[in-house]
Chemist: 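Starting off with a structure, shown below.
Given the structure is predicted, the values throughout are model-derived calculations rather than measurements. Note that these values count all heavy atoms, side chains included, but never hydrogens, waters or copies made by symmetry. Order of the sequence lines fixes the chain letters, A, B, ..., with proteins taken first and strands second; residue numbering starts at 1 for each chain.
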Amino acid sequence: MNLFTDIRALVIVSLEAMTSEGLLPEGLDFRNVAVEPPRDAAHGDMATNAAMVLAKPAKMKPRDIADALAQKLVADDRVELAEVAGPGFLNLRLSSALWRGVVIETLNKGTAFGRSAMGQGTKVNVEYVSANPTGPLHVGHTRGAVFGDALAGLLDYAGYDVTREYYINDGGAQVDVLARSVYLRYLEAHGQEVAFPDGTYPGDYLIDVGQALKKKVGDAYVGKAEDVWLQDIREFATEAMMDLIRADLKALNVTMDVFYSEKSLYGTGRIEAAIGELDAKGLIYEGTLEPPKGKLPEDWEAREQTLFKSTDHGDDVDRPVKKSDGSWTYFAPDIAYHYDKVDRGFDHLIDVFGADHGGYVKRMKAAVSALSDGKVSIDIKLCQLVKLFKNGEPFKMSKRAGTFVTLRDVVEQVGPDVTRFVMLTRKNDAPLDFDFSKVLEQSKDNPVFYVQYAHARVNSILRKAAEAGVAVDDASLVGADLQLLSHEAELGVAKKLAEWPRLVEIAARTNEPHRVAFYLYELASDFHSLYHLGKNTPELRALQESDATTSQAKIALARAVAVVISAGLGILGVTPVEEMR
RNA sequence: GCACCCGUAGCUCAGCUGGAUAGAGUACCUGACUACGAAUCAGGGGGUCAGAGGUUCGAAUCCUCUCGGGUGCACCA
């Protein structure tokens with residue numbers, strides 16, 4: 001149930017009636033007619049712009065349309081008052097029975113209140129993290145992981161059929177580097193002195209892998225040439241790294257449905273098939289790219305390559321799919337991977353990248369557009385990088401200085417809930433300042449505690465009420481006499497609850513899970529505020545001594561708040577707590 | 001040089017397919033625990049929405065340009 005779409009439907013029906021009665025000309029387009037919460041509560045409960053939107057095409061004065069529409073609307077039980085205001089807004093005051101109904105419905109549906117059918121089961125693939133399997137995840141990956149996971153949760157809640165996916169970049173040269181680095185650790189495990197030259201990974205996390213390798217193959221590879229061990233160690237090391245990454249994700253409560261290996265695309269004809277598909281559409285050709293404008297790379301030279309005509313699908317320049325030596329570029333398997341997603345029947349693809357990959361957006365969109373003949377849409381969400389701070393001072397990550405901050409460091413110290421919520425209190429395309437000490441303090445600056453506290457507070461009320469002998473299970477609360485909720489502040493909280501289903505749809509449509517976090521903050525704020533009103537206004541207290549009936553009504557409202565907080569936190573992957581400790 | 005993202009209160013940020021007097025937090029000032037949990041609440045001051053044009057009933061929001069910051073720019077992923 002979304003009250004806003006319900007009332008919008010009423011507005012549209014009324015407009016249609018006006019048309020058939022000759023009050024409006026035929027053939028008007030109602031698509032831009034909106035029903036929204038007004039900025040100022042004094043304006044009423046909802047406002048519609050119908051009169052202003054239609055005035056021009058109908059060649060009528062906004063006020064005349066608004067007056068006629070108002071008459072239609074007040075004929076409905078749900079509308080108590082409709083008045084024209086400002087340049088032609090129609091402000092509606094709705095029956096308080098509607099708001100009480102929201103509380104009932106929340107209790108009936110539980111955390112499913114707010115679930116939307118908007119997605120209509122559309123198959124969506126959300127690809128996120130997709131970090132190279134060359135080491136543990138660091139703070140930068142954390143944001144993409146949290147964002148992607150919350151977005152997937154949000155879309156699921158909005159009625160999409162979501163697949164969460166991780167693309168393992170295990171096919172490129174960086175895996176050779178990993179293998180060589182592991183080999184050095186392997187030699188070290190055999191007691192040799194080793195140095196880590198440039199182009200290898202000196203991180204401590206490979207020590208265990210070297211020892212594990214020793215345990216597995218003994219001294220079989222000691223003193224042997226690279227071509228003997230490279231292949232084997234690549235696989236061994238990649239597996240070890242993926243185990244590490246999977247454990248990192250688990251610590252953050254991120255669960256993937258699919259881990260897709262880039263390597264599985266090689267030698268199986270899949271890359272060839274994807275490029276062949278583009279070729280069949282006339283989008284592959286041999287050619288020479290223009291040198292980049294501006295400063296020329298020193299080693300630039302013209303060379304003929306196999307190119308994808310991505311400019312036909314919105315890219316700025318065509319992109320090479322083969323290197324000059326004839327091997328595939330990294331882009332070729334990416335094309336094949338997305339071709340596979342198209343092939344698996346997804347209607348919509350979402351890639352979550354770090355902002356440093358912004359340059360690939362156009363070419364990936366071009367590839368998907370070409371491969372699916374525009375039938376599969378793709379949206380690429382860029383997460384801006386995370387700037388680390390400690391005690392308000394910028395904090396540089398450096399492997400050598402030992403100040404490399406991993407995802408695990410953060411999660412183990414702060415916990416997955418706080419980490420996730422903090423990462424979601426910023427728009428994905430805005431940079432994020434992550435102050436380690438501030439988050440570690442778990443101070444009140446941290447909005448997650450504010451929301452958690454509201455949830456815990458409701459539970460505290462429920463406990464107290466139960467001790468006082470009030471039935472507080474949802475089944476009993478649903479039967480409460482909500483007529484007893486009549487104070488403006490109480491109805492205000494119910495109105496906030498009514499916004500939840502609408503918020504879910506907006507957040508899902510814009511692919512912006514941070515909106516959920518902000519909404520929860522506002523809801524928590526409204527609840528805290530109501531709670532405090534009870535200090536000076538005893539009749540607003542949830543627990544009314546010797547009046548179990550009234551207590552139940554008020555507790556039903558509080559419980560509904562907890563249910564929505566719980567649903568929202570669930571989307572974000574944050575656990576609602578029962579009590580603060 | 002080109003592309004993408006960003007620019008909103010002292011600071012950190014929201015701002016709904018364009019909507020009414022631009023909102024929170026923080027900091028600062030004043031107040032509220034004999035009280036369903038003060039990790040909370042009530043009130044106050046604080047703005048050239050970077051700047052300039054344009055689109056229209058109406059622009060922080062859409063378009064163009066300028067300025068400032070970030071990211072990325074052939075055979076690395």
Side-chain angles (χ1 to χ4, degrees), chain A residues 31-32 34 36-40 43 47 49 52-53 55-56 62 85-89 91 132 134 169 171-175 262 288-295 297 299-303 305 315-317 319-320 322-327 329-331 333-334 354-362 382 384-385 425-427 429-431 433 435 442-447 449-450 452-454 456-458 460-465 468 499 502-503 505-507 509-510 512 514-515 517-518 521-522 525 528-536 538 541-545 551 554-555 558 579-580:
Chain A
R31 274 179 305 183
N32 288 328
E36 303 173 315
R39 197 190 297 274
D40 187 340
H43 292 139
N49 61 357
M52 286 182 291
V53 170
K56 196 171 189 182
F89 280 103
N91 290 330
N132 290 340
T134 54
N169 287 109
Q174 77 281 359
V175 184
E262 175 192 356
T288 307
L289 288 174
E290 293 290 312
K293 297 277 192 284
K295 57 180 178 192
D299 58 345
W300 191 89
E301 59 182 80
R303 48 171 88 81
Q305 293 174 284
D315 202 356
D316 302 319
V317 290
R319 305 290 176 176
K322 275 188 181 177
K323 302 178 196 170
S324 49
D325 67 1
S327 63
T329 63
Y330 66 88
F331 186 40
D334 273 353
D356 54 340
H357 284 59
Y360 309 117
V361 171
K362 285 189 178 181
L382 297 179
Q384 285 293 333
L385 305 181
T425 50
R426 209 113 309 173
K427 241 178 346 195
D429 49 11
D433 291 345
D435 192 321
Q442 307 196 343
S443 73
K444 62 183 175 182
D445 299 350
N446 198 328
F449 288 101
Y450 187 84
Q452 294 278 34
Y453 184 37
R457 192 168 239 176
V458 173
S460 171
I461 292 171
L462 292 176
R463 278 195 303 274
K464 290 273 187 205
E499 286 179 31
R502 177 173 185 270
L503 185 281
E505 294 188 348
I506 292 170
R509 187 174 62 237
T510 53
E512 293 180 341
H514 75 274
R515 290 175 190 270
F518 280 92
Y521 189 92
E522 289 166 16
S525 175
H528 285 310
S529 183
L530 172 63
Y531 175 91
H532 272 272
L533 280 177
K535 287 186 187 289
N536 292 323
R541 297 186 188 183
L543 199 50
Q544 298 287 316
E545 282 176 43
S551 295
K554 300 190 185 285
I555 290 168
E579 58 183 332
M580 307 295 282

Chemist: B:rC28 and B:rC11: how far apart are their C1' atoms, nearest whole angstrom?
Modeler: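 My reading of the C1' atoms in B:rC28 and B:rC11 gives 12 Å.
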
Chemist: As a test of reading the structure: which of B:rG25, B:rG37, B:rG19 is closest to the side chain of A:Glu579, going by heavy atoms?
Modeler: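 The closest nucleotide is B:rG37.
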
Chemist: Please tell me which of A:Asn169 and A:Gly359 maps to the more 5' nucleotide of RNA chain B, matching each residue to the nucleotide holding its nearest heavy atom.
Modeler: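 Nearer the 5' end of the strand: A:Gly359.
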
Chemist: Can you check the distance between B:rG7 and B:rC62, where both ends of the measurement are the P atom (answer in whole Å)?
Modeler: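 Result for the P pair: 10 Å, nearest Å.
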
Chemist: Return no unless some side-chain N or O of A:Tyr531 is found under 4.0 Å from OP1 or OP2 of B:rA32.
Modeler: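 Checking B:rA32 against A:Tyr531, no side-chain N or O comes under 4.0 Å of OP1 or OP2.
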
Chemist: Using a 4.0 Å heavy-atom cut-off, does A:Ala542 contact any base of the nucleic acid, only the sugar-phosphate backbone, or nothing at all?
Modeler: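 Since a base atom lies under 4.0 Å of A:Ala542, the category is base.
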
Chemist: Any N/O pairs under 3.5 Å between the protein and nucleotides 54-57 of chain B? List them or say none.
Modeler:
{"unit_1": "B:rC57", "atom_1": "OP1", "unit_2": "A:Lys56", "atom_2": "NZ", "d": "3.2"}

Chemist: Determine the interatomic distance between C1' on B:rG18 and the same-named atom on B:rG58; round to the nearest Å.
Modeler: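 Looking at atom C1' only, B:rG18 and B:rG58 are 8 Å apart.
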
Chemist: Can you check the A:Asn536 CG to B:rA38 C1' distance for me, whole Å?
Modeler: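 For the pair A:Asn536 CG and B:rA38 C1', the rounded distance is 14 Å.
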
Chemist: Hey, does the side chain of A:Lys535 come within less than 4.0 Å of B:rA38's phosphate (OP1/OP2), counting only N and O?
Modeler: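 Affirmative; the distance criterion is met.
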
Chemist: Nearest to the side chain of A:Tyr521 - B:rA20, B:rA24, B:rU12?
Modeler: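 The answer is B:rA24, which lies nearest to the side chain.
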
Chemist: Please name all residues satisfying side-chain contact (heavy atoms from CB on, under 4.5 Å) with A:Asp40, sequence neighbours left out, ordered by chain then number.
Modeler: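 Testing A:Asp40 for side-chain contact (heavy atoms from CB on, under 4.5 Å), a comparison that skips the adjacent residues, returns A:Ala42, A:His43.
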
Chemist: Of the listed nucleotides (B:rA35, B:rG72, B:rC75), which one gets closest to any side-chain atom of A:Tyr330?
Modeler: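 Between B:rA35, B:rG72, B:rC75, the one nearest the side chain of A:Tyr330 would be B:rC75.
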
Chemist: Reckon A:His514 touches a base, only the sugar-phosphate, or nothing at all at heavy-atom distances under 4.0 Å?
Modeler: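 Sugar-phosphate only.
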
Chemist: Tell me, please, which residues at least two apart from A:Ala430 pass side-chain contact (heavy atoms from CB on, under 4.5 Å).
Modeler: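 Checked A:Ala430 against side-chain contact (heavy atoms from CB on, under 4.5 Å); matches are A:Arg426, A:Lys427.
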
Chemist: Could you measure the distance from the CG atom of A:Leu530 to the OG atom of A:Ser525? Nearest 0.5 Å is fine.
Modeler: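 A:Leu530 atom CG to A:Ser525 atom OG measures 11.0 Å (nearest 0.5 Å).
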
Chemist: Check whether any side-chain N or O of A:Asn32 sits under 3.5 Å from a backbone N or O of A:Val53 as a donor-acceptor pair, and report yes or no.
Modeler: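 No: the side chain of A:Asn32 does not pair with the backbone of A:Val53.
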
Chemist: Please state the C1' separation for the pair B:rA24 and B:rC16 - nearest whole angstrom.
Modeler: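 Here B:rA24 and B:rC16 have their C1' atoms 16 Å from each other.
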
Chemist: Suppose we screen for side-chain hydrogen bond (donor to acceptor under 3.5 Å, both in side chains). Which residues come up paired with A:Thr288, at least two apart in sequence or across chains?
Modeler: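 A:Thr288 satisfies side-chain hydrogen bond (donor to acceptor under 3.5 Å, both in side chains) with no other residue.
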
Chemist: Taking only the C1' atom of each, what is the distance from B:rG37 to B:rU30 in whole angstrom?
Modeler: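 Their C1' atoms lie roughly 25 Å apart.
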
Chemist: Given B:rG31, is OP1 or OP2 found less than 4.0 Å from the side-chain N or O atoms of A:His532?
Modeler: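 A:His532 to B:rG31 OP1/OP2: no side-chain N or O under 4.0 Å.
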
Chemist: So how far is it from A:Gln544 CD to A:Ser551 OG, rounded to the nearest 0.5 Å?
Modeler: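 Rounded to the nearest 0.5 Å, the CD-OG separation comes to 5.5 Å.
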
Chemist: Just to verify, what does A:Arg457 make a side-chain hydrogen bond (donor to acceptor under 3.5 Å, both in side chains) with, not counting sequence neighbours?
Modeler: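 Checked A:Arg457 against side-chain hydrogen bond (donor to acceptor under 3.5 Å, both in side chains); matches are A:Tyr453, A:His528.
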
Chemist: Under the rule for side-chain hydrogen bond (donor to acceptor under 3.5 Å, both in side chains), what residues qualify as partners of A:Arg515, not counting sequence neighbours?
Modeler: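 Partners of A:Arg515 by the side-chain hydrogen bond (donor to acceptor under 3.5 Å, both in side chains) criterion, ordered by chain and then number, come out as A:Thr510, A:Glu512.
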
Chemist: Establish, with yes or no, whether the OP1 or OP2 oxygen of B:rC16 is under 4.0 angstrom from a side-chain nitrogen or oxygen of A:Arg39.
Modeler: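 A:Arg39 to B:rC16 OP1/OP2: no side-chain N or O under 4.0 Å.
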
Chemist: If only side-chain N and O atoms of A:Ser460 are considered, is one of them under 4.0 Å from the OP1 or OP2 phosphate oxygen of B:rG37?
Modeler: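 Checking A:Ser460 against B:rG37: at least one side-chain N or O falls below 4.0 Å of OP1 or OP2.
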
Chemist: Under the 3.5 angstrom rule, does the side chain of A:Glu262 hit a backbone N or O of A:Gly171 as a donor-acceptor pair?
Modeler: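 A pair under 3.5 Å: yes.
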
Chemist: Using the P atom as the point on both nucleotides, what is the distance between B:rC6 and B:rU61, in whole Å?
Modeler: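 Pairwise P distance, B:rU61 against B:rC6, rounds to 13 Å.
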
Chemist: Who passes side-chain hydrogen bond (donor to acceptor under 3.5 Å, both in side chains) against A:Glu522, sequence neighbours left out?
Modeler: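 For A:Glu522 the side-chain hydrogen bond (donor to acceptor under 3.5 Å, both in side chains) partners, ignoring immediate neighbours, are A:Lys496.
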
Chemist: How close or far is atom P of B:rU71 from atom CG of A:Asp316, stated in whole angstroms?
Modeler: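 Answer to the nearest Å: 20 Å.
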
Chemist: If you find the nucleotide of RNA chain B closest to A:Lys323 and the one closest to A:Arg31, which residue's nucleotide is nearer the 5' end?
Modeler: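 Its nucleotide being nearer the 5' end, the pick is A:Arg31.
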
Chemist: Sticking with atom P, work out how far B:rG15 lies from B:rU55, rounded to a whole angstrom.
Modeler: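 Between the two P atoms, the distance is 28 Å.
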
Chemist: Quick one: side-chain contact (heavy atoms from CB on, under 4.5 Å) partners of A:Ala542, sequence neighbours excluded?
Modeler: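 Counting only residues at least two positions away or on another chain, A:Ala542 forms a side-chain contact (heavy atoms from CB on, under 4.5 Å) with A:Ile461, A:Lys554, A:Ile555.
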
Chemist: Once rounded to the nearest 0.5 Å, what's the spacing between atom CG of A:Asn169 and atom CG of A:Asn132?
Modeler: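 Going from the CG atom of A:Asn169 to the CG atom of A:Asn132 covers 5.0 Å.
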
Chemist: Given atom CZ of A:Arg541 and atom P of B:rC33, what is their separation to the nearest angstrom?
Modeler: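 Whole-Å distance recorded here is 13 Å.
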
Chemist: Check the phosphate of B:rG37 against A:Arg463, side-chain N and O only, distance under 4.0 Å to OP1 or OP2. Yes or no?
Modeler: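 No, outside the criterion.
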
Chemist: Give a yes or no answer on whether the side chain of A:Gln305 reaches the backbone of A:Pro320 with a donor-acceptor pair at less than 3.5 Å.
Modeler: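 A pair under 3.5 Å: no.
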
Chemist: What about A:Arg303, does its side chain sit under 3.5 Å from the base of B:rC75 through a donor-acceptor pair?
Modeler: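 When only heavy-atom distances are counted, A:Arg303 does reach the base of B:rC75 through a donor-acceptor pair under 3.5 Å.
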
Chemist: Which atoms of nucleotides 42-47 of chain B (N or O only) lie under 3.5 Å from a protein N or O atom, and what are those distances?
Modeler:
{"unit_1": "B:rA42", "atom_1": "OP1", "unit_2": "A:Ser529", "atom_2": "OG", "d": "3.0"}

Chemist: Which whole number of Å gives the distance between the C1' atom of B:rG44 and that of B:rA27?
Modeler: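 To the nearest whole Å, 14 Å.
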
Chemist: So how far is it from A:Glu499 CD to A:Glu36 CD, rounded to the nearest 0.5 Å?
Modeler: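 That separation rounds to 11.0 Å.
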
Chemist: Name all residues meeting the side-chain contact (heavy atoms from CB on, under 4.5 Å) criterion together with A:Lys323; count only those two or more places apart in sequence or in a different chain, and write none if there are none.
Modeler: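 A:Lys323: side-chain contact (heavy atoms from CB on, under 4.5 Å) contacts with A:Asp325, A:Ser327, A:Thr329.
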
Chemist: Please tell me which of the listed nucleotides, B:rU17, B:rA20, B:rA38, lies nearest to the side chain of A:Arg509?
Modeler: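 It is B:rU17.
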
Chemist: Using a heavy-atom cut-off of under 4.0 Å over every strand shown, decide if A:Asn49 touches base, sugar-phosphate, or nothing.
Modeler: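 Base, at least one base atom sits under 4.0 Å.
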
Chemist: Taking only the side-chain heavy atoms of A:Lys464 (C-beta and beyond), determine which of B:rG37, B:rC16, B:rA24 contains the nearest atom.
Modeler: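 Closest of the options to the side chain of A:Lys464: B:rG37.
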
Chemist: Write out a two-atom table: protein N or O, nucleotide N or O from nucleotides 5-9 of chain B, distance below 3.5 Å.
Modeler:
{"unit_1": "B:rC5", "atom_1": "O2'", "unit_2": "A:Asp429", "atom_2": "O", "d": "3.1"}

Chemist: Give RNA chain B the dot-bracket treatment, 5' to 3': Watson-Crick (N1-N3 with N6-O4 or O6-N4) or G-U (N1-O2, O6-N3) under 3.5 Å, [ ] crossing, | other strand.
Modeler: (((((((..((((.....[...)))).(((((.......))))).....(((((..]....))))))))))))....

Chemist: How many Å lie between CD1 on A:Ile461 and C1' on B:rU40, as a whole number?
Modeler: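 Answer to the nearest Å: 12 Å.
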
Chemist: Output yes when a side-chain donor or acceptor of A:Gln384 lies under 3.5 Å from a complementary backbone atom of A:Gly354, and no otherwise.
Modeler: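 Looks like no, no N/O pair under 3.5 Å.
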
Chemist: Check for me: is A:His43 stacked on B:rA20 by the 5.5 Å centroid and 30° plane-angle rule?
Modeler: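 Check passed, A:His43 stacks on base of B:rA20.
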
Chemist: Between A:Glu290 (CD) and B:rA74 (C1'), how many Å, whole number?
Modeler: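 From A:Glu290 CD to B:rA74 C1': 11 Å.
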
Chemist: Quick one: A:Glu522 CD to B:rC16 C1', roughly how many Å, whole number?
Modeler: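 Nearest whole value for this atom pair: 11 Å.
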
